Amino acid sequence: MGGGCDNFGGAASEHSVKLSAVFRAAFLTILLGALVMPTSALGAPVAKKKPVRGHVVNGASTLGPLTWQVGIINAKDVGTAPFQTFCGGTLRDATHVITAAHCVPDSNAADLAVVWNLHRRSDGTNAGAAVRTVSAITSHPQFTDTSSGNDLAILTLSSAMPVGAGTWPITNANVNWTGQPAVISGWGLLFDGGPSPDTLQAAVINVLPDAQCGAYANSYDPSTMLCAGLPNGALTVDTCQGDSGGPLVFNNGTTFPLLGVVSFGRGCADPDFPGVYTRLSNPDLNARAKDPNPPARAEPVNGATVQGTPTAGQTLTCDPGQWNNHTGSFTFTWISAVRGADGKFTDVKSGPSAQTLGLTDSHVGRVVGCAATSVGPGGARQSGAPLVTVAAAPPVAAAAPPVTVPGDLIAPTSRFTRRSCKKRKCSLTITAGDSGGPATKVAVTYARITGCRKGKKGATCRKAKTLKAKSRGKGVFTVTTPRLVPATYRFTVVATDASGNRSKKASVVLRVKR
Ligand code: ARG
């Protein structure tokens, strides 16, 4: 079954659709089994089903395909007859289909295909139906669920339908169609909970005053929704599950401008609850429906994940993972629940709407998941992370004795603390070490720096010579030179401590007199 449409099964009620729309991510679908609906999502008790005869409901089989009607199927079902059309749509032009956002909330373009020129689903492609894959999905960025309005999506086809360059018209913005006759069509259920037809059904209904959708209370938004059915309670003709995304077109017999997109209803053909359609005369929806190059909605590549250690006291992060076409920003949401021994989830709690979740003792034993939503010009798309189970914090370890590590990491300092030259012999004292301890070794050299002749000999004359140092303990060392040629000499020392740290080179210059 395709993304989120209630369709052939007939078992999924409109109510579960609305509820599931709150958390559409795949990981949350598993939670739905545990959610109990005491009353309908509309707040009213669920009414007993009216005995309704009917088609689209109470439409009639069309004599052939309608030129603007398409069916949406899962890409994996291409080539499987009968076509499992899970939603309808309208071919706007050879490469674009207008449908409902709630038909494709969690779909990737590659999951979908579109069938045009289809009459009997069982015919497959044998009677001239053309199938195209989808290259991009665009949905209204503000769409969250049908009752929030803006239930509009555009599918861009991978290649053109064989219809030439023609386009199917869309209503102008700000036109009031109330009272006008309009055609509904689709392969949706023949009545609420009933079977779906093999043959495309259609019927003529009327655009109704908003007041006739008053029973929907806050779930009906007159600016983005259109109420349509038969007037004066004679509401025995309606669209039904599986017709979603399909067309509501003005019928004057010659042109058929698209006024609405099948969105939702309570039950089907319930006189108190007419069908609700996306209002394409709304200027924003109108512009989006006509967008010649609809921007592609972002698609998750590998899916969101929960990062971090799931134990009390830790902070978890929702990693959105990799996405294609992500041009907007991410929003995040968390959910937690108790998973029973039977695998069912209870005590479902949502929040916070933040990328991180600080785990407390109250989370211990619960499962936690997050969802990342990419919101951009091409629409909003959610990716749910696999759930993690929260464990208690590990017992606090007894205060460990401070660990001492032998040796240090600090280089010692070294300096010449005494020096004197007598009878052309020099004696020098070196003190080296640091707070980590005295130096244990010193390397001392001396080199003549004046009075050498130029050239090779001079170089030899200047060559540094090493001096053997005597340790006097506690980092004190002494060196004595042999008798030296009167000149100026530079002495250097590098000290090393017990941990092998070496000091910087220290030097001193001494003059040996005649
Ligand atoms: N939401 C339905 C679908 O997904 C369309 C329902 C229309 N219902 C109605 N009573 N007009 O196919």
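Predicted, not measured: the structure shown is a model, and the values here were computed from it. Whatever order the structure lists them in is the order used to number ligands and atoms, beginning at 1.
- The residue among Cys240, Gly265, Ser244 with a heavy atom at the shortest distance from atom 12 (O) of ligand 1 is Ser244.
- Within the 4.0 Å heavy-atom criterion, neither part of Val276 lies near ligand 1.
- Put simply, NZ on Lys349 and NE2 on His363 are 8.0 Å apart, with the number rounded to the nearest 0.5 Å.
- In this structure, the separation between CG on Asp347 and CZ on Arg366 is 4.5 Å, given to the nearest 0.5 Å.
- Remark: Arg121 is not positioned above the aromatic ring of Phe83, lacking an NZ or CZ atom under 6.0 angstrom from the ring centre and at most 45 degrees off the axis.
- The shortest heavy-atom contact between Thr305 and Cys370 is O-SG, 4.2 Å.
- Atoms of ligand 1 found under 4.0 Å from any heavy atom of Asp243, numbered from 1 in the order shown, are 12 (O).
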Per-pair distances, 0.1 Å, donor-acceptor, side chain in residues 311-323, under 3.5 Å, sequence neighbours excluded:
{"from": "Asp319", "atom 1": "OD1", "to": "Gly321", "atom 2": "N", "distance (Å)": "2.9"}
{"from": "Gln322", "atom 1": "OE1", "to": "Asn302", "atom 2": "ND2", "distance (Å)": "3.4"}
{"from": "Trp323", "atom 1": "NE1", "to": "Pro320", "atom 2": "O", "distance (Å)": "2.8"}

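- Heavy-atom proximity to Gly242, at under 4.0 Å, picks out these atoms of ligand 1: 3 (C), 12 (O).
- With 3.5 Å as the limit, one finds no donor-acceptor pair spanning the side chains of Arg288 and Asn150.
- Contact annotation: for Ser263 versus ligand 1, heavy atoms closer than 4.0 Å belong to the backbone alone.
- In this structure, Gly267 has a heavy atom closer than 4.0 Å to ligand 1.
- Taking the six-membered ring where the residue is Trp, Phe264 and Tyr216 present perpendicular rings, their angle passing 60° and hence far from 30°.
- Near Gly275, with a cut-off below 4.0 Å to any heavy atom, the atoms of ligand 1 are 11 (N).
- Atoms of ligand 1 found under 4.0 Å from any heavy atom of His102 (numbered from 1 in listed order, with element): 1 (N), 3 (C), 4 (O).
- Less than 4.0 angstrom separates some heavy atom of Asp238 from each of these atoms of ligand 1: 9 (C), 10 (N), 11 (N).
- Residue contacts with ligand 1: Cys268 is included, with a non-hydrogen atom under 4.0 Å away.
- The distance criterion of under 3.5 Å between nitrogen or oxygen atoms is met by Thr239 with respect to ligand 1.
- With Arg279 as the partner, the salt bridge (Lys or Arg N to Asp or Glu O under 4.0 Å) test is satisfied by one option alone out of Asp210, Asp284, Asp151: Asp210.
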